[in-house]
2 protein chains.
Amino acid sequence: MDKNNSTLDKILDAGRHLIQKYGYNGFSYADIAEIIGIKKASIHYYFPSKQELVRAVLQRYNKDFLNDLYQIEQQFTDPLDKLKSFFLLYRKTLENDEKICLCSMMAAEISSFPKEIRTDINRFFLDNEEWLEKVLTQKKALDVPSFSDSLAEQSKLLLTFVQGAQLLVRASGELEQYDTMVENVLKTL
Amino acid sequence: MDKNNSTLDKILDAGRHLIQKYGYNGFSYADIAEIIGIKKASIHYYFPSKQELVRAVLQRYNKDFLNDLYQIEQQFTDPLDKLKSFFLLYRKTLENDEKICLCSMMAAEISSFPKEIRTDINRFFLDNEEWLEKVLTQKKALDVPSFSDSLAEQSKLLLTFVQGAQLLVRASGELEQYDTMVENVLKTL
DNA sequence: GTCTATAAGATGATAGAC
DNA sequence: GTCTATCATCTTATAGAC
């Protein structure tokens, strides 16, 4: 159950942290080396190029995030609880040292990436939408069918909300804003 | 009425373009120099440091954007038309060469900036919220009062929407998504 | 104002010893 | 696997000629 503490994992952890905080163009091999106490050259042993490194970080992030969504799905039965946990998942990132979702940052920096990486970033968003749509479908089955719109479209709106809310929180520096906004967006359902 | 085509303006234009596309950490003086056909050193004559340059870009962007909002306010009487124009304003940026709102990008990169710049970024968001709230107030006066929530909170949600929608469009590369999402978010009002 | 020249340090990356 | 040493290039920034 313990996280593998190999150098490889430390590099991926540090890389993810730095991208979430400063962006792909805002960190260097030297930064990673300093964080985990090795030399720059050692990183190249695992990831010859920066793009290979970022791609590995991205793919692991997507996998972990998808797993978190699956856990939420298992843990709760009430769709509303699932949605609240979804927003809490994003909140956890914001709580910790000025970070945002890795894919939010990388979507902003999309012009710096080749096609394959762009595809992985978009995959993250699609997976989020898909998960949300599934939960909204469960919710609709319980509720008076209050919304007639496509649940796929509704999911996209929820995703734009959580993506944009992160930017507002970062601009203001006030995390508490997030909770109020989540409350309000849940009321619209 | 013509835009002043001084070197200063060219520098600000190129700087804004590059930040909107690649981010603050994703461009250099050399990039600006190449775009407008001068030498790097000439840019330092106007902006000794990169932070002074980005600050000037940011302040002009905020001023121009606020002016655009004012123009919309003057041009339309129907609050719904005003909102549609608001979203169209953001769309214009997306249409053009993989760019997003300057302050969306800079909010994502907030950890790279000192306090004064952060304040300017947040000012942009607050101005957006204020403008939206004003329009929503006009709308409420016309409508059956359908929503009971605070219009300030409603404005924030609309802002999170447009901020997040940009990231989704960038991730997918499909601008048409934006129009559908705008349609759907307007239905929630 | 714009240029050439140059500095001082950072950056991504490689070669080869241990 | 991790290190030292080194590379070519890029980065922000300054000094001084024109």
Side-chain angles (χ1 to χ4, degrees), chain A residues 3-60 102 105-106 109-117, chain B residues 3-60 102 105-106 109-117:
Chain A
K3 178 172 251 176
N4 189 347
N5 240 5
S6 65
T7 300
L8 179 69
D9 275 321
K10 285 188 200 161
I11 293 171
L12 290 173
D13 283 345
R16 189 191 56 200
H17 171 263
L18 288 166
I19 297 172
Q20 290 186 254
K21 187 165 180 180
Y22 300 105
Y24 172 74
N25 290 313
F27 85 100
S28 71
Y29 273 51
D31 296 325
I32 294 184
E34 203 194 358
I35 288 177
I36 68 183
I38 57 172
K39 297 293 165 182
K40 282 193 300 173
S42 307
I43 303 173
H44 284 281
Y45 168 78
Y46 296 94
F47 302 103
S49 81
K50 198 182 178 187
Q51 292 235 353
E52 289 173 74
L53 166 59
V54 76
R55 192 143 194 234
V57 168
L58 176 56
Q59 287 177 348
R60 203 188 56 161
L102 182 83
M105 182 65 89
M106 293 186 67
E109 292 180 299
I110 203 92
S111 296
S112 299
F113 303 119
K115 212 178 193 176
E116 323 94 62
I117 291 184
Chain B
K3 180 172 249 175
N4 188 349
N5 241 3
S6 65
T7 300
L8 179 69
D9 275 322
K10 286 188 201 161
I11 293 171
L12 290 172
D13 283 343
R16 189 192 56 197
H17 172 263
L18 287 166
I19 298 172
Q20 290 185 255
K21 186 164 180 180
Y22 300 105
Y24 172 74
N25 291 314
F27 85 100
S28 70
Y29 273 52
D31 296 324
I32 295 184
E34 204 193 356
I35 289 178
I36 68 183
I38 56 171
K39 296 295 166 181
K40 285 189 298 173
S42 306
I43 304 173
H44 284 281
Y45 168 77
Y46 296 94
F47 302 103
S49 81
K50 196 180 178 186
Q51 292 237 352
E52 289 173 75
L53 165 59
V54 75
R55 192 141 194 238
V57 169
L58 176 56
Q59 287 177 348
R60 206 190 54 160
L102 182 84
M105 182 65 89
M106 293 186 68
E109 291 180 299
I110 202 93
S111 296
S112 298
F113 302 120
K115 214 179 193 176
E116 323 94 63
I117 292 185

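Each chain gets a letter, A, B and so on, in the order its sequence line appears, and its residues count up from 1.
Atom CD1 of A/Ile43 is separated from atom P of D/dG1 by 16 Å (rounded to the nearest Å). Remark: P of D/dC10 and CD of B/Glu34 are 11 Å apart, rounded to the nearest angstrom. B/His44 places its NE2 atom 18 Å from the P atom of C/dG1, with the value rounded to the nearest Å. Remark: C1' of C/dG1 and CD1 of B/Ile11 are 10 Å apart, rounded to the nearest angstrom. The interatomic distance linking A/Asn25 (CG) with D/dT11 (C1') rounds to 13 Å, in whole Å. The distance from atom CD of B/Gln51 to atom C1' of D/dT12 is 12 Å, rounded to the nearest whole Å. Taking atom CG of residue B/Leu53 and atom P of nucleotide D/dT11, one finds them 14 Å apart after rounding to whole Å. Rounded to whole Å, the distance from CZ on B/Phe27 to C1' on D/dT12 is 11 Å.
Heavy atoms of A/Tyr45 sit under 4.0 angstrom from at least one base atom.
Nearest to the side chain of A/Ser28, among D/dA13, C/dT11, D/dT11, sits C/dT11. You'll find that the side chain of A/Lys40 is closest to C/dA13, out of C/dT14, D/dT14, C/dA13. Checking C/dG1, C/dT14, C/dT11 against every side-chain atom of A/Pro48, the shortest atom distance belongs to C/dT14. Side-chain proximity of A/Lys39 to the nucleotides D/dT11, C/dT4, D/dC3 is greatest for D/dC3. Checking C/dT2, C/dG12, D/dC3 against the side-chain heavy atoms of A/Lys50 singles out C/dG12 as nearest. Side-chain proximity of A/Ile38 to C/dA13, D/dT12, D/dC3: nearest is D/dC3.
At D/dG1, none of the side-chain N or O atoms of A/Ser42 fall inside 4.0 Å of OP1 or OP2 (strictly under the cut-off). Distances shown here put a side-chain N or O of B/Thr7 below 4.0 Å from the OP1 or OP2 atom of C/dT2.
Of all the heavy atoms in B/Met105 and B/Ile19, the pair that sits closest is CG-O, 3.3 Å.
The side-chain contact (heavy atoms from CB on, under 4.5 Å) test with A/Tyr46 is passed by exactly one of A/Leu53, A/Leu12, A/Thr7: A/Thr7.
A donor-acceptor pair is defined here as one N or O able to donate and one able to accept, closer than 3.5 Å; such a pair exists between the side chain of B/Glu109 and the backbone of B/Tyr24. Looking at B/Tyr29, its side chain does come within 3.5 Å of a backbone N or O of B/Lys50 through a donor-acceptor pair.
With respect to the salt-bridge test (charged N to carboxylate O, under 4.0 angstrom), the residues A/Arg60 and A/Asp9 qualify.
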